Amino acid sequence: MEYNFRDVEKKWQGFWKENKTYRVFIDHDRPKYYVLDMFPYPSGAGLHVGHPLGYIASDIFSRYKRQKGFNVLHPMGYDAYGLPAEQYAIQTGQHPAVTTEKNIKRYREQLDRIGFSYDWDREVRTCDPSYYKWTQWTFIKLFNHYYNNKTARAEPVSDLAKIFGRSGNVDVDAACGFVPEFTAVEWLKMDEGEKQDVLMHYRLAYLSDTLVNWCPRLGTVLANDEVREGFSVRGGHPVVRKKMKQWFLRITAYAERLLAGLEEIDWSDSLKEIQRNWIGRSEGSTIFFGVKHHQESIEVFTTRPDTVFGATFMVLSPEHELVEKITTEAYRQQVAEYVKVAGSKSDRERMTEVKTVSGQFTGAFAVHPFSGQDIPIYIAEYVLAGYGTGAIMAVPGHDSRDHAFARHFGLPIVQVVSGGDVAEESYDATEGKMMNSGFMDGMEVKEAIRAVIRKLEFKGIGQGKVNFRLRDAIFSRQRYWGEPFPVYYKEGVPYVLPESDLPLELPPVDKYLPTETGEPPLARAKKWQTKDGYPLECNTMPGFAGSSAYYIRYMDAANNNQLVSDEAVSYWQDVDLYVGGSEHATGHLIYARFWNKFLYDIGVVKKEEPFKKLINQGMIQGRSNFVYRVKGTNTFVSLNLKEAYDTMPIHVDVNIVDKDVLDLEAFRKWNPEFSDAEFILEDGKYICGWEIEKMSKSFHNVVNPDDLIEKYGADTLRLYEMFLGPVEQAKPWDTKGIEGVFRFIRKLWRLYHDRGNNVHISEEPASEKELKILHKTIQKVSGDIERFSFNTAVSAFMVCVNELTELQCSKREVLEPLAVMISSFAPHIGEELWHILGHKESVALSSFPDWDEKLVTDDVVVYPVSFNGKTRFKLELPSNSSKEEVERAALSAPEAAKWLQGKDPKKVIVVPGKIVNVVI
RNA sequence: GCGGAUGUGGCGUAAUUGGUAGCCGCGCCAGACUUAGGAUCUGGUGCCGAAAGGCGUGGGGGUUCGAGUCCCUUCAUCCGCACCA
């Protein structure tokens, strides 16, 4: 009889559930530790082996921290709103809540089978009204706040209205859209609609008309991070630009703080860098250029104001508001055409045409603010409407794009910074002395930048400015399966519902499609209006709404009166360890930081950054298998014989392949097309080819954790996932390696049992040798867990068990701490062994062992003795030997003579405890 | 183009501060037990070589008594951003 993992795992999973072993409460006597997993979207396909990788790592860490005396919050929930359920609803007519519920149930079963230590009493689901009540609540707060740049925090819009009544908006420095200056008197004269209109430009959640990423196929608008290369990330449908009225979140107000906060958090460099790029801070200045024969001036943003004397023309984006106004009669038609062509292009087309130079002269001229010269104004696609001011001063001498443009249109190129040959190519570097630049001549670039900004500000024609690439987040989706906005319209003016009306529940609809007039699905709902009959907003919120504060909600998941109680948030504070995929770098992880900062400003949370440390688990790739079909036949040739034939590789289900040998019968049954397949075998076997690719249904390389658990048990699966390699690294899944870990589990079991599988624990004191093995393992495993190096910890356990097996160790003194340590990684067998040792309570409540420093140091050291850096022999010496003793022993060792060849060594290096190197 | 990461046996990987390169596992080879093995156990396994020995961490160069680790350079792969002024 061997270890019966099926019964043991089932038994303890039942025990944990029944005893609520992992339930957690506020406990001021113990330090808190919050370990969070990115909650999953429960898709219909269920989990594959790649998904739980991060969950296993975080579970090990949670269990370890618990045994180290921390009060560990380790919750789980579901990101339950989303497109797939809705698409499915459109196809089948089934309510997305039904599919979602079904998928959640399946996820839960799968998760339970892996033996996680979640406190399920804190589960959240974003589609649950008791949860999204607080998503809506936060939206109302965002609507009712603006961002005060002077205090660098969110403040109530009601305060702002008071300021307007006192002194207009001249002294207000807020993050806002374009608002003309007005006085207190003018403010007081405005009617309600006009006032609301002005305030809307200040709100952190605001309604605005803009060009959006419209996906006709999905029938909705998408955020920038939901679009990749002109296609929707989900589904891969084309995305075009369209002007629409949308809700926005003013995340740009927080750009500076989002950037600064990165300095304080322990995230990977690559992830921080991605966020820095996404925020895209650049320092420079604005400069106004007057337009000849016009009142208007053109504001540009430049990071190189020092090169202003090199500006020989200007370029506006085709969408720039002044284009219409300044274009002369002679050029009107060409300009209109250019604008039209540019506007009709999709983002995708624009991107593929990056290399081609195009543009159109407007006929208008600007006046250079320093030289007074006339410079022509062009429009061109390479200037983006959404960045900076949508207009540039073109400096062909020192900007490669402007250079290409100037050459194409035969415009003058002036060198203003020494270095390089600007006739050939632009000199973009910021090193060199200024020339042809009036008052700046002779200055270094950096000095010149400071000087010119001073001059611009003095003359009132520009000022130093920090610009960001980050855009405000579009918050409306024309979808059904999402949070309804707590918003109604009174004479076309949007107002938020009172908090007491929350949650505003998602209404039933007859179909999940837009209406015939193109309105979102909510417009189909009957009586979608307030008690007073005002129409409610028909858009719903995007996916990131519900995931932006779920980690806060876990702290106090059942609270119906508050998002989170002050007591709970004061105790749990923030997430100590967050584990999840890096694909959320510019989506969830930036929105959540923004959302959290806002909640911090209004006093709901205590920490400005929500996730102290973040670990990105690497993707588990699939290992695909191939069979080779001889073209035009139904005959398949084995891998090593295929060169003799003209073949086509076909993906074959990895589950009917074992160690690259194909199960022929299973293959014939797998697909009717192959039912009469013929094979050309080698050594009587069909050998498949293989390749590493993404784990995907279409490649038939998906490995399901359920099957592995059925065959090897959850503990083996957990250990193997960790054993594969570093958590953060992408690595291929190869099922065959799991056997080794399975053997280890059984070997561990046998340490506690005799040949007849009877429990065999000796109460005798352990030998020093046995204790040394144990304590070295404690030291190694503790260090590895702290460093999130779980793969090396597993291998340390293997070494430990191998060595103890060799000594036939059965001492309680050794086996008990070992059971405790292993229980983080393999909780079921850990729990079973713990109980075999006579304990009644869960091993989760035990303490992680400490190591004894004396037992981890050896009293003899094996010195490798090398000659000229090459190791030649080994020498065992007491660890307290002096340098001289080691040197003498090394040189007088019998093996040394051979390498010394009678010569005297030039130099002998002895590193105590490490190495001896003899130089000859 | 810019930024980030990674290159070590047939495969996944290890080597915490510059100090024995290849731990642990898979695979492979040999053996034991067995009617049998895709079970279990034991031993071997970086490459070349009979051995002595030599070579070896993507390539080239450097620093050092000593380099997988540090520096320069180059190549390859992956990821992110991309006409960002």
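Everything numeric here is computed off the predicted structure, so don't read it as measured data. In the text below, chain A, chain B and the rest are named by the order of the sequence lines, each starting its count at 1.
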Exercise for review: Mark yes when over 12 heavy atoms from residues, nucleotides or ligands other than A:Glu739 sit less than 6.0 Å from its CD; otherwise mark no.
Suggested key: yes
Check your understanding: Is the distance from OP1 or OP2 of B:rG3 to the nearest side-chain N or O of A:Ser270 less than 4.0 Å?
Key -> no
**Study point:** Separation of A:His320 NE2 from A:Ile379 CD1 (nearest 0.5 Å)
**Key:** 11.5 Å
Review point. Can you check whether A:Phe301's main-chain N or O pairs, donor with acceptor, with A:Asn467's side chain at less than 3.5 Å?
Key: no
Check your understanding: Contact class for A:Arg276 (heavy atom, under 4.0 Å): base, sugar-phosphate, or nothing?
Key -> nothing
Practice item. Select base, sugar-phosphate, or nothing to describe what A:Asn802 touches, counting heavy atoms under 4.0 Å on all strands. Key: sugar-phosphate
Review point. So does A:Arg276 pair up with A:Glu263, basic N to acidic O under 4.0 Å?
Key: yes
Check your understanding: The side chain of A:Phe723 lies closest to which of these nucleotides: B:rU16, B:rG25, B:rU40?
Key -> B:rG25
Practice item. Sticking with atom P, work out how far B:rC41 lies from B:rA50, rounded to a whole angstrom. Key: 34 Å
**Study point:** Pairwise C1' distance, B:rC11 and B:rG59 [rounded to whole Å]
**Key:** 24 Å
Study note, to complete from the structure: Contacts of A:Phe723 meeting ring-ring contact (aromatic ring centres under 6.0 Å, His included) (sequence neighbours excluded), chain-then-number -> none
Review point. Can you tell me how far C1' in B:rC24 sits from the matching atom in B:rA15, rounded to whole Å?
Key: 12 Å
Practice item. Using the C1' atoms only, state how far B:rG19 lies from B:rG68, rounded to an integer number of Å. Key: 13 Å
If you restrict it to nitrogen or oxygen atoms, what contacts under 3.5 Å exist between nucleotides 53-57 of chain B and the protein, and what is each distance?
{"from": "B:rG53", "atom 1": "OP1", "to": "A:Lys898", "atom 2": "NZ", "distance (Å)": "2.3"}
{"from": "B:rG54", "atom 1": "OP1", "to": "A:Arg872", "atom 2": "NH2", "distance (Å)": "3.4"}
{"from": "B:rG54", "atom 1": "OP2", "to": "A:Arg872", "atom 2": "NH1", "distance (Å)": "3.0"}

Exercise for review: Could you please name the option among B:rC26, B:rG80, B:rA14 that lies closest to any side-chain atom of A:Asn277?
Suggested key: B:rG80
Check your understanding: Which is true for A:Gln729 with a 4.0 Å heavy-atom rule: it touches a base, it touches only sugar-phosphate, or it touches nothing?
Key -> sugar-phosphate
Check your understanding: Is it true that A:Lys711 and A:Asp707 have a side-chain N and a carboxylate O under 4.0 angstrom from each other?
Key -> no
Check your understanding: A:Ile274 near the nucleic acid: base, sugar-phosphate alone, or nothing, with a heavy-atom cut-off under 4.0 Å?
Key -> sugar-phosphate
Practice item. Under 4.0 Å between any heavy atoms, over every strand shown, what does A:Arg623 touch: base, sugar-phosphate, or nothing? Just pick one. Key: nothing
Practice item. Tell me what A:Ser795 touches on the nucleic acid: a base, only sugar-phosphate, or nothing, going by heavy atoms under 4.0 Å. Key: base
Point to revise | salt bridge (Lys or Arg N to Asp or Glu O under 4.0 Å) evaluation trace for A:Glu710 with A:Arg6 | key: CA-CA 8 Å; A:Glu710 180 55 31; A:Arg6 280 193 194 88; 3.4 Å; yes
Practice item. Answer with base, sugar-phosphate or nothing: what part of the nucleic acid does A:Ser268 contact at a heavy-atom distance below 4.0 Å? Key: nothing
Show the distances under 3.5 angstrom between N or O atoms of the protein and N or O atoms of nucleotides 62-65 of chain B.
{"from": "B:rC65", "atom 1": "O2'", "to": "A:Asn917", "atom 2": "ND2", "distance (Å)": "3.1"}
{"from": "B:rC65", "atom 1": "O2", "to": "A:Asn917", "atom 2": "ND2", "distance (Å)": "2.7"}

Point to revise | Quiz item: cation-pi between A:Arg407 and A:Phe409, 6.0 Å / 45° | key: no
